[in-house]
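All figures in this text were calculated on a predicted structure; none of them were measured in a lab. Residue numbers start at 1 and run along the sequence shown.
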Amino acid sequence: VKVKIPFGNKYLDAIFSIPEKKPTYGVILTHGAGGDMNFPHLVSLAAYLASHGVLVLRFTCKGLNVAYRTKAFKTVVEYLKLSDDYKLSGVFLAGRSMGSRAAASVICQLSQDDDDDGFIRGLVCLSYPLHRPKLQSKLRDEDLLLIRCPVLFVSGSADEMCEKQLLEGVVSKMKAPKKIHWIDKANHGMAVKGRTADDIMEEINAQVFSWLRENIQLEHK
């Protein structure tokens, strides 16, 4: 279902992937610095999660400024929270690359607000861009260290924007429950020599879903 979400004097294009049964949980998903919500990995993940009973709302926000992207993401969270069509118990924020930075930033901002009501249940970072290529000295880890909700990282072990040891170092300092799933030999775009994109997406989708299930299974008696 396509929707337009009011954002300032503009609209954000978004698409709901709706499960057959009434969903209890949702995932809000956005893209990296390039591309949009129709990036193949996002389309694949949304379809997979929806087929397993999780509502997914993915959206496009073209700005290259993280603060702007964060603001847009926050607007989408509010939109879903107030939606009359889908009454959800909670949502997970997810993003690819720059989108995951924006998602982390939203969680930090909302958790510092007094009205933090536990609506946001966790964060999924696909190809989190921990540093610029070859600029390992400047880590983008400040939001990660403040987050308290569960976090899943899915990164390529050969990601030029997220050196394996550096991410493991940051994760060891995080106070949140966290997990890293490494896609062996994958680069920032999750490409691996000798593996098809579909094969890699199957691995990622299954990982994300099983992690979501671990974090909400307490309520599925």
#### Entry: Atom of Phe119, atom of Val77 and distance for their closest heavy-atom approach
CE2-O, 4.3 Å
### Task
State which residues pass side chain to side chain donor-acceptor pair (under 3.5 Å) with Ser155; sequence neighbours excluded, sorted by chain then number.
none
### Message
Checking Glu203 now: which residues fulfil salt bridge (Lys or Arg N to Asp or Glu O under 4.0 Å) with it, not counting sequence neighbours?
### Response
Arg195
### Message
What verdict does the side-chain contact (heavy atoms from CB on, under 4.5 Å) test give for Val66 and Thr70, after you've listed the backbone C-alpha separation in whole Å, the side-chain angles of each residue and the deciding distance to 0.1 Å?
### Response
CA-CA 6 Å; Val66 171; Thr70 301; 3.8 Å; yes
### Message
Any heavy-atom pair between the side chains of Val208 and Tyr48 that's under 4.5 Å?
### Response
no
### Query
Residues two or more places apart in sequence or in another chain: which of them pass side chain to side chain donor-acceptor pair (under 3.5 Å) with Lys179?
none
### Query
Would you say Ser127's side chain and Ser97's backbone share a donor-acceptor pair under 3.5 angstrom?
no
### Summary
Tyr11 meets the side chain to side chain donor-acceptor pair (under 3.5 Å) criterion, sequence neighbours left out, with none
### Spacing of NE2 belonging to His41 relative to CG belonging to Asn205, to within rounding of 0.5 Å
9.5 Å
### Task
Side-chain contact test, heavy atoms from C-beta onward, threshold under 4.5 Å: evaluate it for Leu42 versus Pro40 and give yes or no.
no
### Query
Just wondering, do Thr60 and Leu12 contact through their side chains at under 4.5 Å, heavy atoms?
no
### Message
Taking transitive links into account, so neighbours of neighbours count too, which hydrophobic residues share a cluster with Leu82 at under 4.5 Å side-chain distance?
### Response
none
### Query
Which heavy atom in Ile147 sits nearest to a heavy atom in Ala176, and how many Å separate them?
O-CB, 3.3 Å
### Query
Does His52 have its ring centroid less than 6.0 Å away from the ring centroid of Phe209?
yes
### Message
According to a hydrophobic-cluster definition based on side-chain heavy atoms being under 4.5 Å apart (Ile, Leu, Val, Met, Phe, Trp, Tyr only), do Ile183 and Leu152 belong together?
### Response
yes
### Query
Could you give the distance from CZ (Phe59) to CZ (Arg69), rounded to the nearest 0.5 Å?
7.0 Å
### Query
Distance-only, no hydrogens or angles: does the Lys62 side chain make a donor-acceptor pair with backbone N or O of Gly35 under 3.5 Å?
yes
### Task
Enter the distance from Gln136:CD to Leu130:CG here, rounded to the nearest 0.5 Å.
9.5 Å
#### Entry: Gap between atom CG of Leu49 and atom CZ of Phe92 - 0.5 Å precision
10.5 Å
### Task
Taking all heavy atoms of Pro6 and all of Thr75, pick out the closest pair and write down the distance.
O-CG2, 3.3 Å
### Message
By the definition side-chain hydrogen bond (donor to acceptor under 3.5 Å, both in side chains), identify the one residue from Asp13, Asp36, Asn38, Thr30 that meets it with Arg58.
### Response
Asn38
### Query
With a 4.5 Å heavy-atom cut-off, do Val192 and Asp184 have their side chains touching?
no
### Message
As a quick check of understanding, evaluate side-chain contact (heavy atoms from CB on, under 4.5 Å) for Ile107 and Val151, giving each step before the final call.
### Response
CA-CA 11 Å; Ile107 290 180; Val151 184; over 6 Å; no
### Query
Under 4.5 Å between any side-chain heavy atoms of Glu168 and Ile180, yes or no?
yes
### Query
What is the distance from atom CG of Leu45 to atom CG of Leu29, rounded to the nearest 0.5 Å?
5.5 Å
### Message
How about CD on Glu20, more than 12 heavy atoms from neighbouring residues, nucleotides or ligands closer than 6.0 Å, or not?
### Response
no
### Query
Could you give the distance from NZ (Lys4) to OH (Tyr79), rounded to the nearest 0.5 Å?
11.5 Å
### Query
Side-chain contact, heavy-atom cut-off 4.5 Å: Arg132 with Lys138?
no
### Query
Does a side-chain heavy-atom distance below 4.5 Å link Ile18 with Leu55?
yes
### Pairwise salt bridge (Lys or Arg N to Asp or Glu O under 4.0 Å) hits with a residue in residues 86-98, at least two apart
Asp84-Lys87
### Task
Taking the side chain as every heavy atom from C-beta outward, state whether Met174 and Val171 have any pair of such atoms under 4.5 Å apart.
yes
